[in-house]
Amino acid sequence: MENITELFLVQTRFRIKEEIEKLDMSGYGVALPMLAAYERSKGIVTKIYDPILNMDTYQDVLGKIKNVNPLVLGISRITTSYMEDVLEFISDIRNIGYTGFIFLGGHAPSLEYEMILERCNGLDCVVIGEGEETIYELVNAVRTRQEWKNIDGIAYIEDEKVKTNRMRPLIQDLDELPFMATDFLEELQLKHGKNVTAYLVSSRGCYKNCSFCSIAAYFDMFEGCRMRYRSVKNVFEEIKYLYQNYNIRKFCFWDDNFIIPGKRGIERCRELVELIKSLPEKISLELETRVDTISYEAISLLKEGGLRHIHIGIESMIDRDLKLYNKGVTIKQNKEALNILNELGYSTKVGSKYRIATYLICFNPLTRLEDVETLLDFFKAYDISPKKQISALQITNNTLIKEILKREGVTINKNNEWKFLDNRVEDIFIKYSNFVKDAMEKRDELRTVEKIKVFNENSKILQQISSVRECIDKQCTCCLETLVKLHLDNKGKDYIEFEYQKSVQRFNRFLDEVMNMNVWKYIDKYNNIFIRENL
């Protein structure tokens with residue numbers, strides 16, 4: 001079957017019907033590169049496609065699928081957000097005349113395959129769980145015109161009912177898998193040059209059970225150890241391959257938790273760093289881990305190996321919320337982790353050379369007014385970005401928190417939307433979210449220019465840009481502080497609205513002044529340049 005694409009894997013990490021040109025297209029997911037590498041190792045002619053990397057519109061995506069016309073089309077979706085759009089996307093693919101085999105895979109489809117199959121006539125099956133071997137068997141069956149409905153790890157419709165085959169066990173030896181395909185990396189380098197970030201995975205699974213997260217529910221569907229690690233030597237060999245063959249010096253690990261708890265984790269860090277030191281030039285690392293794996297020794301070692309950015313799931317500084325989220329950590333542990341990182345030179349401050357990026361769930365249905373006051377102190381103490389300050393709980397199906405909240409009297413509709421039990425908190429959240437979202441339009445233009453590093457770090461222009469962006473951030477936090485104080489003082493609804501509008505008008509006057517500054521000519525010039533960096 002020369003010149004025929006047997007498998008075409010499409011990443012749907014955008015809202016299908018929205019314009020996507022303004023999204024950050026300089027990063028990429030790891031699922032499709034991992035799958036492509038495996039399928040190619042089995043002799044399957046495979047292509048992978050991420051519309052955001054190409055800045056393609058919705059119609060471009062449909063046109064691409066029609067032109068490639070693969071034997072098998074695989075669509076990847078990790079989260080449940082925008083699932084309706086994905087199902088409509090599949091319907092539109094059929095409407096353009098594609099008659100090949102279509103499957104949907106990923107975390108969210110694996111958890112919600114019954115609903116998806118019942119509502120999506122254009123879909124042949126859902127691949128449940130880790131897809132390497134399942135997809136190979138599916139493609140092989142389609143290309144040889146053999147029966148595919150007996151393959152493990154899939155669900156499909158038969159006689160108007162959902163048929164679920166035997167679940168395939170989790171892959172236990174990750175070292176047996178080939179290194180990720182480099183298609184997306186090569187696309188990035190063509191667009192942005194050699195100085196881009198390569199994405200890696202050193203483990204699969206998560207050993208905790210946060211109530212808001214579907215990862216635990218996902219892995220518990222299958223036989224085998226949930227938490228699996230590649231050997232340090234195997235991880236380093238992939239780093240070295242990318243270093244030597246693609247001149248990569250920046251690496252980001254997509255593990256749910258990179259650092260293993262306890263002494264074993266420290267020794268793993270030590271072993272990796274010693275290997276990294278053998279490279280001729282220094283590299284930089286970015287990773288995600290839990291606060292209870294952060295120790296002075298582990299972070300010191302990783303910093304020697306080039307750790308520049310670390311993502312940690314603080315989630316909240318409210319004890320009741322940490323229990324609600326089943327985090328298994330305390331406020332004290334959150335603070336200790338941040339203090340260790342601060343002591344080693346890492347900061348939550350935007351633009352820091354050594355950056356802490358925090359995952360937060362600041363608002364949930366049970367949030368009280370005094371909780372917002374406590375969080376406000378945390379925001380100011382640790383320079384938390386306004387974007388993070390308006391983070392609210394997103395409920396997904398098959399998670400423990402949904403049942404907990406229902407028992408607490410929270411109404412959750414079919415789209416997993418909820419309302420605050422405290423009307424004062426709801427008023428604060430709505431007003432402050434609107435304020436921040438409006439502010440972020442200009443703030444992000446400034447931040448883009450800060451990130452692209454076209455100016456010397458000591459230049460007056462960059463200092464002016466950073467100063468304006470910092471002023472925007474501070475005005476956002478001041479707005480929240482005002483709203484909290486007004487509600488604590490039991491001011492009336494009309495008075496609160498009047499004071500809020502005054503804050504909006506004051507901010508708009510500030511923006512008008514900023515627009516007349518010289519810095520904006522640089523904003524206009526560089527606004528469309530994207531280089532991935534943490535916000």
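A salt bridge does not link Lys64 with Asp60: every distance from a Lys NZ or Arg NE/NH1/NH2 to an Asp or Glu carboxylate oxygen is 4.0 Å or more. A salt bridge is absent between Asp473 and Lys387: the closest approach of a Lys/Arg side-chain nitrogen to an acidic carboxylate oxygen does not fall below 4.0 angstrom. Under 4.0 Å is where a charged nitrogen must lie from a carboxylate oxygen, and between Glu286 and Lys250 no such pair does. Asp255 has no carboxylate O lying under 4.0 Å from a charged side-chain N of Arg228, or vice versa, which leaves the two without a salt bridge.
By the 30° and 60° cut-offs, the orientation of the rings of Phe253 relative to Phe258 is tilted. Note on ring orientation: taking the six-membered ring where Trp is involved, the planes of Tyr218 and Phe222 are perpendicular (angle over 60°, cut-offs 30° and 60°).
Taking Lys240 as the reference, Phe236, Glu237, Gln244, Leu279 meet the side-chain contact (heavy atoms from CB on, under 4.5 Å) condition, with sequence neighbours excluded.
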Working for side chain to side chain donor-acceptor pair (under 3.5 Å), residues Ser352 and Tyr346:
CA-CA 8 Å; Ser352 302; Tyr346 295 86; over 6 Å; no
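Taking every heavy atom of both residues into account, Val61 and Asp56 meet most closely at CG2-CB, 4.4 Å. Across every non-hydrogen atom of Leu188 and Leu53, the tightest pair is CD2-CD2, 3.8 Å. Considering all non-hydrogen atoms of both residues, Ala392 and Trp418 come closest at CB-CZ2, 4.2 Å. Here the shortest heavy-atom pairing between Ala216 and Asn209 reads CB-OD1, 3.3 Å. Shortest non-hydrogen contact noted between Leu87 and Ile116 is CD2-CG2, 3.7 Å.
Side chain of Lys388 to main chain of Thr358: a donor-acceptor pair is present (N/O by atom type, distance under 3.5 Å, no hydrogens or angles). Side-chain atoms of Tyr156 do not come within 3.5 Å of backbone N or O of Val162 as any donor-acceptor pair.
Pairs passing the ring-ring contact (aromatic ring centres under 6.0 Å, His included) check and including a residue from residues 34-57, sequence neighbours excluded, read Phe8-Tyr49.
Shown are Leu7, Thr134, Thr46; of these, the side chain to side chain contact (heavy atoms under 4.5 Å, CB included) with Val139 is made only by Leu7. When the options Glu132, Glu137, Glu130 are evaluated for a side chain to side chain donor-acceptor pair (under 3.5 Å) with Arg168, the one that passes is Glu137.
Side-chain polar atoms of Thr164 and Tyr113 form a donor-acceptor pair below 3.5 angstrom.
Annotation: cation-pi geometry satisfied between Arg308 and Tyr354 (NZ/CZ under 6.0 angstrom from ring centroid, within 45° of ring axis).
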